[in-house]
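The sequence lines fix the lettering, A, B, ..., with proteins before strands; numbering per chain opens at 1.
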Amino acid sequence: MRLRFAPSPTGALHIGGVRTALYNYLLARKEGGTFILRIEDTDQSRYVPGAEAYILEALQWLGISPDEGPGIGGDYGPYRQSERKNTYQQYAQQLLEAGHAYYAFDTAEELEAAREKDATFKYDAGARMRMRNSLSLPGSEVEALLQNGTPYVVRMKIPQHETILIQDEVRGEVAFDSNELDDKVLVKTDGMPTYHLANIVDDHLMEITHVIRGEEWLSSTAHHVLLYRFLGWEDSMPTFAHLPLILKPAPESFLDKSSTPVLAARLTEEFARKMPEAADSLGGKAEQLALQILQDKKNLASGLKVKDKDDEGKAALKAFLKSALYGKLSKRDGDRLGFPVFPLSWKGSSEAESFIGFREYGFLPEAVINFLALLGWNPGDEQELFSMEQLIAAFSLPRINKSGSRFSIDKAHWFNQQYILKAPIEELAGQVAPLLKAQGHEPGQNFLYAFIGLMQERATLLTDFWENGYYFFEPPRGYEEKMVQKRWDPERSELFEALVNSLEGLPDFSAGAINTATEQFMEAHGLKFGEVLPMLRLANAGTMKGPAVFEMMELLGQEEVANRMRRAFKAFNQMVGA
RNA sequence: GGCCCGUUCGUCUAGGGGUUAGGACGCCAGAUUUUCAUUCUGGUAGCACGGGUUCGAAUCCCGUACGGGCUACCA
C-alpha cells in the first residue's frame, strides 16, 4: 500500500491539509505501507519560497514524517512536479495521438469574453467547435499555428453520453454524467501540466494505491477516472477517499457581548478594504449594520440572506459577513477569531500574511494530532484520548464521516490540557524551558521541575506556564486591586510585619514549616485563614490564582518571600489610602 | 444558475427499523480544595421539514429547506 500527501507549496500548510496528511499517514502505518510526500508545484506563479521546508517541518513536528519525498529520497523520485515536466509531456503526447486530447489556441481574453457573454459557459463538446482548437480548425492551420510558435494549451477531449462511476471509500458510489464535464486543460501555455494531468501521471508512476484527499477534489474525480482510462491505467487505478471539509467554528461559539462589537469592527474594516465601493455606499452605517446583523443571533443565518429590498451596499455587506462566518475554515479565520489554523507560525511578506501556529500558541503535537484525528473520524467507541499507536491501530477509511465538521478551539484546548496533565515533568520541562529562556530566565533543574509540578494542572497551553506563573521568576507586576481593597486591613500592618520576621527566622523554609509558623501566628493574634492566606498569596503572586500558597512560598525562597511581603504590604497600604 | 456531496444536543460524534437516543467539549449547579486549577457528582440541550413504505421510522425511499464543494491555462 502506497499513499501520498500532495500539497502545493503556496504558503503555510492549512490545518485541513494537516488532517489529510495525518489520515494518509495513519492508513499507511496501519497497513505497513509507505507514506509519500509529493510537492505539487506546477503553478509557478503561486510558488512561495520556504513553503516546502515549512511543510516538512510541520509534518516532522507532528510526528508524521514521510517515508519518501523531496529531501528524503525514495525510488520513485523526483518528488517535485516541477522536476518531472518532461515526463508529463510524454503522456500528453500519447493522449494527443490517441485523440483523447487536442490543442487549443484560445487566448485568455477570448475565454474571458466567452464567459462574460454567457455566465454558464463551459468548454465542452457543445462549445468546443466554436472555439479555436485543433478540432475546429483545418489541419493546415493547426500545423501553421504550431509551427509559428502560437501559444497553446492541451485540452482533454471529454466523450459524450457516458456515466462515470466513482467508488469512493467515504461516500460510496458517486455518478457523473460526462455531458456535464468540461474539456479541462491538461498542459498549460508554459508547458507545465495542470494538477489533473500531473496527479494522474504521478500517482500511476509512483504506484499510489490509495488517494485520500479533500472533498474539493470530488467534482474533478470524474476527469481523473477518464484520464486513467485514456492512458490505459484503469486496472491499476488507486482507491479514492474524499474527506469532508473542516469548517469555520459555529458563530454562536464566538459571538458574545464582548467579542461581537470587536468582530463587527474588524470585519467592517476588512469589508471596506476589499469592497471599497460597496462600503462607501453604506457610508458610516456599515459598522452599525454589521453589528446589528451579528447581534441578531437567533436569525443570524436568515439575517445574512440577501433580500430584494436590500440595496447594493447592504447586500454586499451581508454576503461578505456570510462568507466570513460560514464555510470552509480559512487562513484569515485565525486572525479574525483569535486562534491558530496552521501547525507552525508562518512569516509572510507582511504582517497581514503572517500567522501564528499551534506550536507557538502552546499546543503539544500529540494534542493537535489527537484533536485532528477525531475531527471527521472516530473509532465507534467512546475513547477520546489516543496515542499515535492507538490511532494507527484503530484507524479505518469506512469510519470517516461524510459531513463537514466545524473547528472548535475549545475542544482543542481541552485536548491540550489533557496532554499537559499527563505529561511527565521532565518532558514538559523540555518544552517550557525555551519559553522561559525567551523571557530571560534559565532556572536550575530543581526549580524548573518544582515550578512545572505546581503549574501543570493549571495550564491549558504551554504558554500558560509563563503567562500564569511568571511571578515565580519576577516580582508581581501588580496586585489585584479588588482583593486588596476587600481584604487588606492597614491596622494589621504591624502584625503582618511580625509574621514576615518570624518567617524570615525560620530555620527550615519548607511548605510544612511555613504552614506551621503561619498557623501559630494566626492563633496568637486571633486571625482566621481567610484573613491571612489571601494576603500572603497576593503579596507573593499579585493574583488570587495559583498553586497552594505555602508550596509557592517554599519555591520562591525565604529571602525573596520576605522582600516581596514587605514591599507588598507597603503597596497595600497605599492602595487603600492609609 | 448547473453539477456533486451532506444534515443526530451550541460543537465533535455513537446509534442504521422497536433504545429512557449514548459519550465527549462547552455551559450551569453541587462536592472537594479557605485561591485558582485538578478531580468527582448532577443538570442543560438533539434526530431540519413534509410526504411515503411499515404493525412500528432518528434509522429505508421521495421531495423540500438549509449547509458545503466544484464550476480557472489554482491546487
Side-chain angles (χ1 to χ4, degrees), chain A residues 6-10 40-43 45-46 81 104 106-108 111-112 115 119-123 151-155 166 168 170-171 174-177 179-182 184-190 192-196 198-199 213-222 242 244-245 247 249-253 297 301-302 305 326-328 371 374-385 401-415 417 421 455-460 464 468 480 483 528-534 536-538 541 543-549 552:
Chain A
S8 188
T10 53
E40 310 238 327
D41 56 350
T42 53
D43 186 351
S45 67
R46 291 215 309 162
Q81 291 186 326
D106 316 275
T107 64
L111 290 170
E112 210 171 296
R115 283 189 198 104
T120 65
F121 172 81
K122 211 186 301 173
Y123 209 120
Y152 66 86
V153 299
V154 175
R155 279 183 187 272
I166 295 159
D168 189 276
V170 172
R171 282 147 221 286
V174 181
F176 288 91
D177 181 346
N179 294 352
E180 300 288 345
L181 273 30
D182 64 335
K184 285 226 177 308
V185 170
L186 259 20
V187 179
K188 299 181 264 190
T189 312
D190 64 3
M192 275 294 200
T194 57
Y195 170 86
H196 305 293
N199 105 89
R213 58 186 1 174
E215 191 188 356
E216 67 267 30
W217 294 113
L218 187 57
S219 297
S220 52
T221 305
H242 287 94
L245 265 12
L247 309 172
E252 298 91 322
S253 72
K297 252 193 214 174
S302 58
K305 195 170 263 176
Y326 296 95
K328 196 158 79 158
F371 167 67
L374 256 21
L375 203 57
W377 170 86
N378 80 87
D381 57 26
E382 286 172 356
Q383 187 177 346
E384 300 278 341
L385 265 15
N401 274 96
K402 292 178 176 66
S403 49
S405 23
R406 287 179 188 276
F407 179 92
S408 160
I409 192 63
D410 284 337
K411 194 76 175 254
H413 277 149
W414 179 79
F415 275 108
Q417 187 180 36
L421 230 31
M455 294 302 292
Q456 187 169 20
E457 58 188 32
R458 273 162 267 264
T460 296
D464 289 341
N468 301 336
E480 233 172 75
M483 214 46 204
K528 291 181 221 146
F529 267 101
E531 293 169 312
V532 178
L533 293 213
L536 297 186
R537 176 177 297 286
L538 231 37
T543 167
M544 286 306 291
K545 297 178 182 177
V549 68
M552 187 175 96

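- The partner of rC60(B) is rG52(B), by the rule that a Watson-Crick or G-U pair needs both atom distances under 3.5 Å.
- Here the side chain of Tyr326(A) is nearest to one of rC73(B), rA75(B), rG68(B), namely rG68(B).
- With rounding to the nearest 0.5 angstrom, the CG atom of Leu247(A) is 12.0 Å from the OH atom of Tyr326(A).
- For Arg406(A) and rU11(B), a side-chain-to-base donor-acceptor distance below 3.5 Å is absent, hydrogens and geometry of angles not being considered.
- Comparing rG6(B), rC3(B), rG26(B) by their nearest atom to the side chain of Asp410(A) picks out rG26(B).
- Residue Trp414(A) places its side chain closer to rA24(B) than to any other of rC3(B), rU71(B), rA24(B).
- Atom CD of Glu112(A) sits about 9.0 Å away from atom OG1 of Thr107(A), to the nearest 0.5 Å.
- For the atom pair CZ of Phe176(A) and OG of Ser220(A), the computed distance is 8.5 Å after rounding to the nearest 0.5 Å.
- Contact annotation: Asn378(A) side-chain N/O to rA14(B) OP1/OP2 distance is under 4.0 Å.
- Glu457(A) meets the salt bridge (charged side-chain N to carboxylate O under 4.0 Å, His left out) test with no other residue; sequence neighbours excluded.
- Atoms CE (Met192(A)) and P (rA72(B)) sit 22 Å apart, rounded to a whole Å.
- Nucleotides rC66(B) and rA29(B) place their C1' atoms 35 Å apart, quoted to the nearest Å.
- If you take CG of Asp106(A) and P of rC73(B), they are 10 Å apart, rounded to a whole angstrom.
- Side-chain proximity of Leu218(A) to rC4(B), rC12(B), rG6(B): nearest is rC4(B).
- The phosphate of rG68(B) (OP1 or OP2) has no side-chain N or O of Arg171(A) nearer than 4.0 angstrom.
- Using a 4.0 Å heavy-atom distance criterion, Phe371(A) is classed as making no nucleic acid contact.
- A donor-acceptor contact under 3.5 Å links the side chain of Ser219(A) to the base of rG69(B).
- Straight-line distance from the CG atom of Leu111(A) to the P atom of rC74(B): 12 Å, rounded to whole Å.
- With no hydrogens or angles considered, no side-chain donor-acceptor pair links Glu40(A) and Ser8(A) at under 3.5 Å.
- Contact annotation for Gly214(A): no contact, since no heavy-atom pair falls under 4.0 Å across all strands.
- Residue contacts for Gly546(A): at a heavy-atom cut-off of 4.0 Å it reaches a base atom on one of the strands shown.
- The separation of rG1(B) from rU64(B), taken at their P atoms, amounts to 13 Å, rounded to a whole angstrom.
- On the P atoms, rC74(B) is 34 Å away from rC12(B), given to the nearest whole Å.
- Here NZ of Lys528(A) is found 13.0 Å from CG of Leu533(A). Values are rounded to the nearest 0.5 Å.
- Backbone-only engagement by Asn401(A) is indicated by non-hydrogen atom pairs under 4.0 Å involving sugar-phosphate atoms exclusively.
- Annotation: salt bridge (charged side-chain N to carboxylate O under 4.0 Å, His left out) contacts of Asp43(A) (sequence neighbours excluded): Arg46(A).
- Distances were taken from every side-chain heavy atom of Ser408(A) (C-beta onward) to each of rA75(B), rU11(B), rA72(B); the shortest belongs to rU11(B).
- Between the P atoms of rG23(B) and rA14(B), the separation comes to 15 Å (whole Å).
- Side-chain N/O atoms of Thr194(A) include none lying less than 4.0 angstrom from OP1 or OP2 on rC74(B).
- Going from atom NE2 of His242(A) over to atom P of rC5(B) covers 12 Å, rounded to whole Å.
- Taking every side-chain heavy atom of Glu216(A) into account, rA75(B) is the closest of rA75(B), rC3(B), rA72(B).
- Rounded to whole angstrom, the span from the CG atom of Leu538(A) across to the C1' atom of rU35(B) amounts to 10 Å.
- Here the separation of rA57(B) from rG52(B), taken at their P atoms, is 12 Å to the nearest Å.
- rU71(B) sits 33 Å from rG15(B) when the P atoms are compared, rounded to a whole Å.
- In this structure, Phe407(A) atom CZ and rG26(B) atom P are separated by 15 Å, rounded to whole Å.
- Leu374(A) comes within 4.0 angstrom of sugar-phosphate atoms only, judged by non-hydrogen atoms across all strands, and of no base.
- Annotation: the span from Thr221(A) atom OG1 to Arg213(A) atom CZ amounts to 4.5 Å, rounded to 0.5 Å.
- Within 4.0 Å of Val153(A), counting heavy atoms only, lies at least one base atom of the nucleic acid.
- When rounded to the nearest whole Å, the span between CD of Glu40(A) and P of rA75(B) equals 9 Å.
- Nucleotide rU7(B) forms a pair with rA65(B), judged by Watson-Crick or G-U wobble geometry with both contacts under 3.5 Å.
- Among the heavy atoms of the strands lying under 4.0 Å from Pro547(A) is at least one base atom, whether or not backbone atoms are also near.
- Looking at heavy-atom distances under 4.0 Å, Ala119(A) makes no contact with the nucleic acid at all.
- The residue Thr10(A) sits apart from the nucleic acid: no heavy atom pair falls under 4.0 Å.
- Base pairing analysis places rA45(B) opposite nothing; no Watson-Crick or G-U wobble pair with both distances below 3.5 Å involves it.
- Closest approach to the Lys328(A) side chain among rC3(B), rG69(B), rC5(B) is made by rG69(B) (side chain taken as heavy atoms from C-beta onward).
- For Ser403(A), counting side-chain heavy atoms from C-beta on, the closest listed nucleotide (rU7(B), rG23(B), rU13(B)) is rU7(B).
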Could you write out each protein N or O paired with an N or O of nucleotides 37-47 of chain B at a distance under 3.5 Å?
{"residue": "rA37(B)", "atom": "O2'", "partner": "Glu457(A)", "partner atom": "O", "Å": "2.0"}
{"residue": "rA37(B)", "atom": "N1", "partner": "Glu457(A)", "partner atom": "OE2", "Å": "3.4"}
{"residue": "rA37(B)", "atom": "N3", "partner": "Glu457(A)", "partner atom": "OE2", "Å": "3.2"}
{"residue": "rU38(B)", "atom": "OP1", "partner": "Gln417(A)", "partner atom": "NE2", "Å": "3.3"}

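- The shortest heavy-atom contact between His413(A) and Thr460(A) is O-CG2, 3.5 Å.
- Rounded to the nearest 0.5 Å, atoms OG1 (Thr543(A)) and CG (Asn468(A)) are 8.5 Å apart.
- Each of rC73(B), rC3(B), rA24(B) was ranked by its minimum atom distance to the side chain of Lys188(A); first place goes to rC73(B).
- With P as the reference atom, rG2(B) and rC73(B) are 22 Å apart, rounded to whole Å.
- Base pairing analysis places rG30(B) opposite rC40(B); the two distances defining the Watson-Crick or G-U wobble pair are each below 3.5 Å.
- Rounded to an integer number of Å, the gap from Tyr195(A) OH to rA75(B) P is 10 Å.
- In this pair, Tyr195(A) and Trp217(A) present their aromatic rings parallel. The plane angle is below 30°, not in the 30 to 60° band.
- Closest contact between the side chain of Val174(A) and the listed nucleotides rC4(B), rG10(B), rC25(B) involves rC4(B).
- Between rU13(B) and rU53(B), the distance separating the two P atoms is 34 Å to the nearest Å.
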